[in-house]
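Since this is a predicted model, take the numbers as computed values, not measurements.
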Amino acid sequence: MEWYKLIAVAALFICIMVFAIQFIRLIKLGVPKDLSKRDGDVKGAVIYSFTNAMAPAQKESAYMHLPTYAAGLVYHMGTFAALLLFVLLMIFSFAGIMLPVFISTVVSGAFLFTSLSGIGILFKRILNRELRSLSGFDDYISNILTSGIQLVSALYLLFPSVEIFYFLTSALLFIWLPLGKTKHLMYFFFARFHLGFFYGWRGTWPQKQH
Amino acid sequence: MEKIDKEKREKAIDLLRSKSDSKLITHLNSCVRCGLCAGSCMYYITMKEAKYIPAKKIDLVSSIYRRYCTLAGKTVPALVNAKDLDESMAEEMIDSLYGSCTMCGRCVKHCSIGVDIPYIVKKGREMLATMDMVPKTLQATVDAAINTGNNMGIPTVEFVDTIKWMEEELIDEMQDDKARIPLDEIDKDIFYTLNPREPKFFPLSISAMAKVLYAAEASWTLSSKYYDVTNYGFFNANMAEATQIAKNLYDEIHKLRGKRLILGECGHGSRANRWDGPNYLKKAYDFDTITAVELIGGYIRDGKIKLDKSLNKELYTIHDPCNLVRNGGMLEELRFVVKSSVANFIEMNPFGNDNFCCGGGGGALAMSEYNDRRLKIGEIKADQIRKTGAKVVITPCHNCVDQLLQLNHTYKLGVQIKTISEVVADALIIIKTN
Ligand code: SF4
Ligand code: SF4
């Protein structure tokens, strides 16, 4: 295997390990040990937290900022797709499979689009005074790496000559994922769980009826 | 600002290393600083400054967490937005966490991720309390509760006098010598509690509740010493003090052998006793704890009290106290009681779990240094009330009542503010059984 592929695979391994350690720690810490008398349906609330409560109509962060919300959605889909693509490309490279040109072109076009969403969000962060004041290196690095991997994936699918660049960008992203705010990739799920737990315990979600 | 004592600073940082469960570490690691919560917070909406964005407030705490509790923050702090806990950081925390957040939780449901912002704000307050940096005004309220048994420092003699006076009024109104406001009686079904603002400023709300309890033929008592439902330890976030205040009530109900603790009309007091109290004391309560709203709701449902809505003819609206509704699950029950008591009712927009805080929560009413801010953010509530066209605003929380009265005056709303027991008492049909 080429040295740059080895670096990328090693980075992915480290990334998975760090996430696994964080995940195990969170699971070990467990749910809040609440001694008050429960007055609601925690399970129902946790389900609601991951479903209806996520609907754009339920959140001002979505319906009051529809363009940003839509861009964010596309951008996140692009990030997940890029991670998936990396795994598929590694498998294909072992199995000696070549992607048909048509598929490569379509997927590349999609990545170009998703990366532009990410870049749009980055520009918003740079141009908006308040958002800028909220931001630090982590915010810029996280965005550049996640938008970057989508852009580089788009290029790599069309121009295999950028292979080294693709795998090194992937390696950087894997190292950064569990360190920067990108770790919300995992913490998001725990946050939604705790939200459901909190509101469910008190009967706010689903609304308690007497 | 005074230098931070090193040992206390370490203790404050240690709070972020809590291993009690995964909630703290989850919320400290979840915010992506998208800034989309800004438009959900009344501080930002009314003042449009970056420092009022909810994410900005919690980032003060999470940046300290990253600095001292993560490898990346210890080695390359600038890369991961990790910051030192020094004097200027502490000063910013005081202004942001005590002075710019009522811990209403409105931003939580609207956050893109689901970060529990007030939970992190409270953790930051806990850190400041550990470093003895609670605003003096707020601390004075807690000290009064610790030293006298109630947050307004009302002497027992004065309280007992007020209760006796209200009892005489009740006897007159009911034309029944058996109408009572019992004090320190044992083995009663209900151990009732009050917000000290009631004996101090609004004694008629005590007689209103007494009238409801009289109509329901309830077996109840007040304590002459520990009747205070509030717990400002919840706001200053000094856990030892919050625990002491909750324990006073816990011990008193045991002393008087009360069966049920009924939390008087106070949002944070209800939250602090019902949801947090057992966790402060580290034991499940061996008696039922419910709010006055649920008690009255139960009376209506069980037919123990009869109401005539036509006695309350004006147009009424509800201000939902954050700690009872969004953070306490009381949305439907509150509406059930109100709709059973008034003929004309209109909702605010937004209402219920989405309602805006009155602006007086989070201990803001006790911190006079932030009065201007408090009244400014209250403009949202004033606009909401004005748009309903209602003549009476009902709210089952005396802290909210206080803030709403001030908004009524400041923004010339020309409305009446009433508690739930006052509205129910006005609609009561008293049936004499003898
Ligand atoms: S909406 Fe949530 S994730 Fe976004 S900045 Fe606000 S608190 Fe952070
Ligand atoms: S809890 Fe309320 S006051 Fe505090 S940041 Fe959130 S919306 Fe603003």
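- A distance-only check finds a donor-acceptor pair linking the side chain of K56(B) to the backbone of S133(A) [under 3.5 Å].
- Contacts between R25(A) and chain B at a heavy-atom distance below 4.5 Å involve the side chain alone, from C-beta outward.
- Y63(A) touches chain B through its side chain: at least one heavy atom from C-beta onward sits under 4.5 Å away, while N, CA, C and O do not.
- Looking only at distances, no side-chain donor or acceptor of S22(B) sits under 3.5 Å from a matching main-chain atom of V31(A).
- Proximity to chain B (any heavy atom under 4.5 Å) is restricted, for R125(A), to the side chain, taken from C-beta onward.
- R335(B) does not touch chain A: none of its heavy atoms, backbone or side chain, sits under 4.5 Å away.
- Looking at heavy atoms from C-beta onward, L134(A) lies out of side-chain contact with D59(B) at the 4.5 angstrom threshold.
- Heavy atoms of N327(B) lying under 4.5 Å from chain A belong to its backbone as well as its side chain.
- Around atom NZ of K48(B), more than 12 heavy atoms belonging to other residues, nucleotides or ligands sit under 6.0 Å away.
- Your options are A72(B), G298(B), G352(B), S40(B), and the one with the most heavy-atom pairs under 4.5 Å with chain A is S40(B).
- Most heavy-atom pairs under 4.5 Å with chain B: of the set K208(A), E60(A), K181(A), K59(A), this distinction falls to E60(A).
- Residues D288(B) and K37(A) approach most closely at OD1-NZ, 2.9 Å, considering heavy atoms.
- Nearest heavy atoms, A191(A) versus S30(B): CB-OG, 3.7 Å.
- Separating the NZ atom in K109(B) from the OH atom in Y199(A) is a distance of 8.5 Å, to the nearest 0.5 Å.
- With a threshold of 4.5 angstrom between heavy atoms, L131(A) approaches chain B through side-chain atoms but not through N, CA, C or O.
- For Y44(B), the part lying under 4.5 angstrom from a heavy atom of chain A is the side chain only.
- When the shell of 6.0 Å around CZ of F113(A) is examined, it contains 12 or fewer heavy atoms from other residues, nucleotides or ligands.
- Residues L79(B) and W176(A) come closest through the heavy atom pair O-CH2, 3.7 Å.
- With a threshold of 4.5 angstrom between heavy atoms, K28(A) does not approach chain B through any atom at all.
- Of the listed residues (K51(B), K19(B), R66(B), R301(B)), the one with the most heavy-atom contacts under 4.5 Å to chain A is R301(B).
- Proximity to chain B involves both the backbone and the side chain of Q58(A), based on heavy atoms less than 4.5 angstrom apart.
- Only the side chain of F198(A) comes within contact range of chain B, with heavy atoms under 4.5 Å apart.
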Are N81(B) and D139(A) close enough, and set up right, to give a side-chain contact (heavy atoms from CB on, under 4.5 Å), and what steps lead you there? CA-CA 9 Å; N81(B) 305 351; D139(A) 301 281; 3.1 Å; yes
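- Across every non-hydrogen atom of T204(A) and V325(B), the tightest pair is OG1-O, 3.7 Å.
- Only the side chain of Q207(A) comes within less than 4.5 Å of a heavy atom of chain B; its backbone N, CA, C and O stay farther away.
- Shown here is K247(B), whose NZ atom has no more than 12 heavy atoms of other residues, nucleotides or ligands within 6.0 Å.
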Between R271(B) and R202(A), is the side-chain contact (heavy atoms from CB on, under 4.5 Å) condition met? List the steps. CA-CA 10 Å; R271(B) 178 174 181 172; R202(A) 294 151 192 242; 3.6 Å; yes
